[in-house]
K.L.:
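This is the structure I have questions about; it appears just below.
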Amino acid sequence: MPTRSITITSEFSGSVVAKGATDDLSAQLLRHAGFQQIDDWHGRRHRLPTTTPLADKVAIATHAAEMLRAARYEVDLPPSLDTARTCSPARPLGPYVAGVELLKITDLIRGAENGADLQQAVEQLLHPEHGALERVREALEVAGEQVNDLDEDAYALADRFGFASEFVSSAQSELLDSKAELRRVGTASKVRTTARRLRDHRDAALATSPAAGKAEVSSAPGSDTAQLNATGHPPRAAGPRR
């Protein structure tokens, strides 16, 4: 018996069409999935209305393909209509999902613009109950216990996990009181910068220009400049008129 083949595609109009379901069983499965059957001079075919939401189109097409394949039909379904391909989340590190989350925390820390932002980002690591370090410490501790439960002779390996857990605990203790300090990061330098700018502005406001200095000297009583006349000689003392 030849393999029965059905093709489900998405047309330019936006409608999803299933072709090749010429027998009653395949037609019934497509209608059950949500397709509408059309019989005209083009032959029998099944389609979804263009107004069907995209998510529903993908879900219906995938469900129809699953039922048809279970009934031993060969189904050609494009990736754009297959939920197994369209809904799979990106996993840049494969199975290491915890590493992905830690990379996000690292990006938050790297992008901190001030002490408050930095403290909030680092809190993802240092929170005493829900921080990443506490989760790592707990996982190492449980790993050591599990080694002991599975193999009593592997006590040396269990101890190594226990020691690693204690090292993480020591790191937590070392950074326990860093929250307030992190929030103050950069604050002192900003205060110094502001004070220096205010001082520079004050000095600039009080500075006397060279022209103003000359004018002040020329107007001082008893100065040599004031004693000179237009010819460059000191003026004669005025005597009594005769």
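Just so you know, these numbers come straight off a predicted model, no measurement behind them.
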K.L.:
Between V17 and L29, is there shared hydrophobic-cluster membership here, with clusters defined by ILVMFWY side-chain heavy atoms closer than 4.5 Å?
P.N.:
no
K.L.:
Is there a side chain to side chain contact (heavy atoms under 4.5 Å, CB included) between R47 and E11 once you walk through the steps?
P.N.:
CA-CA 10 Å; R47 70 187 311 151; E11 296 184 332; 3.1 Å; yes
K.L.:
Could you list the residues that satisfy salt bridge (charged side-chain N to carboxylate O under 4.0 Å, His left out) with D107, not counting sequence neighbours?
P.N.:
R110
K.L.:
Which heavy atom of L102 sits nearest a heavy atom of A132, and at what distance?
P.N.:
CD2-CB, 3.8 Å
K.L.:
To the nearest 0.5 Å, what is the distance between CG on L103 and CD on E101?
P.N.:
9.5 Å
K.L.:
Locate the shortest heavy-atom distance separating F35 from A64; write the atom from each residue and the value.
P.N.:
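Result for this residue pair: CE1-CB, 3.8 Å.
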K.L.:
With no hydrogens and no angle check, do the side chains of Q37 and R31 hold a donor and an acceptor under 3.5 Å apart?
P.N.:
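There is such a pair between these side chains.
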K.L.:
So which atom in A33 and which in M67 form the shortest heavy-atom distance, rounded to 0.1 Å?
P.N.:
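Residues A33 and M67, closest heavy atoms: CB-CE, 3.6 Å.
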K.L.:
If the condition is salt bridge (charged side-chain N to carboxylate O under 4.0 Å, His left out), which residues does E123 pass it with, not counting sequence neighbours?
P.N.:
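In terms of salt bridge (charged side-chain N to carboxylate O under 4.0 Å, His left out), with neighbours along the sequence ignored, E123 is linked to no residue.
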K.L.:
To the nearest 0.5 Å, what is the distance between CG (L81) and OG1 (T9)?
P.N.:
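The OG1 atom of T9 is 8.0 Å from CG of L81, to the nearest 0.5 Å.
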K.L.:
Would you check if the side chain of T62 reaches a backbone N or O of T83 as a donor-acceptor pair within less than 3.5 Å?
P.N.:
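The answer is yes, because a donor-acceptor pair under 3.5 Å joins these two groups.
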K.L.:
Which pairs with one or both residues in residues 117-160 pass ring-ring contact (aromatic ring centres under 6.0 Å, His included), sequence neighbours excluded?
P.N.:
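Residue pairs with at least one partner in residues 117-160: H127-H130.
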K.L.:
Say whether, by atom type as modelled, one donor and one acceptor occur between the side chain of T52 and the main chain of L48 under 3.5 angstrom.
P.N.:
no
K.L.:
Would R45 and D40 pass as an ion pair if we require N to O under 4.0 Å?
P.N.:
yes
K.L.:
Tabulate below the donor-acceptor pairs under 3.5 Å that side-chain atoms of residues 20-28 make, not counting sequence neighbours, or state none.
P.N.:
unit_1	atom_1	unit_2	atom_2	d
D23	OD1	S26	OG	2.8
D23	OD1	Y73	OH	3.4
D23	OD2	L25	N	3.3
D23	OD2	S26	N	3.2
D23	OD2	Y73	OH	2.5
S26	OG	D23	O	3.1

K.L.:
Of all residues at least two apart in sequence or in a different chain, which pass the ring pair (Phe, Tyr, Trp, His ring centres under 6.0 Å) check with H63?
P.N.:
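Expected list: none.
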K.L.:
State, to 0.1 Å, how close I105 and A121 come at their nearest heavy-atom pair, and which atoms those are.
P.N.:
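For I105 and A121, the tightest heavy-atom pair comes out as CG2-O, 3.9 Å.
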K.L.:
Please tell me whether L108 and L125 are part of a single hydrophobic cluster in this structure, the criterion being side-chain heavy atoms less than 4.5 Å apart.
P.N.:
no
K.L.:
Side-chain donor-acceptor pairs under 3.5 Å in residues 157-180, sequence neighbours left out?
P.N.:
unit_1	atom_1	unit_2	atom_2	d
S165	OG	R137	O	3.2
S170	OG	E166	O	3.1
Q172	NE2	E134	OE1	3.1
S173	OG	S169	O	3.1
S178	OG	L175	O	2.8

K.L.:
Does V16 offer a backbone N or O that forms a donor-acceptor pair with the side chain of S10 under 3.5 Å?
P.N.:
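Side chain of S10 to backbone of V16: no pair is present.
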K.L.:
The test is side chain to side chain contact (heavy atoms under 4.5 Å, CB included); show your working for T7 and L77 and say whether it passes.
P.N.:
CA-CA 7 Å; T7 301; L77 183 69; over 6 Å; no
K.L.:
Are the side chains of L133 and L126 in contact, using a 4.5 Å heavy-atom criterion?
P.N.:
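Side-chain contact under 4.5 Å: yes.
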K.L.:
Ignoring hydrogens and geometry, is there a side-chain-to-backbone donor-acceptor pair from R135 to E129 under 3.5 Å?
P.N.:
yes
K.L.:
Just so I know, are the side chains of V58 and D82 near enough to count as touching, which here means a heavy-atom distance under 4.5 Å?
P.N.:
no
K.L.:
Can you tell me how far the CD1 atom of I109 sits from the CD atom of Q124, to the nearest 0.5 Å?
P.N.:
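Rounded to the nearest 0.5 Å, the CD1-CD separation comes out at 9.0 Å.
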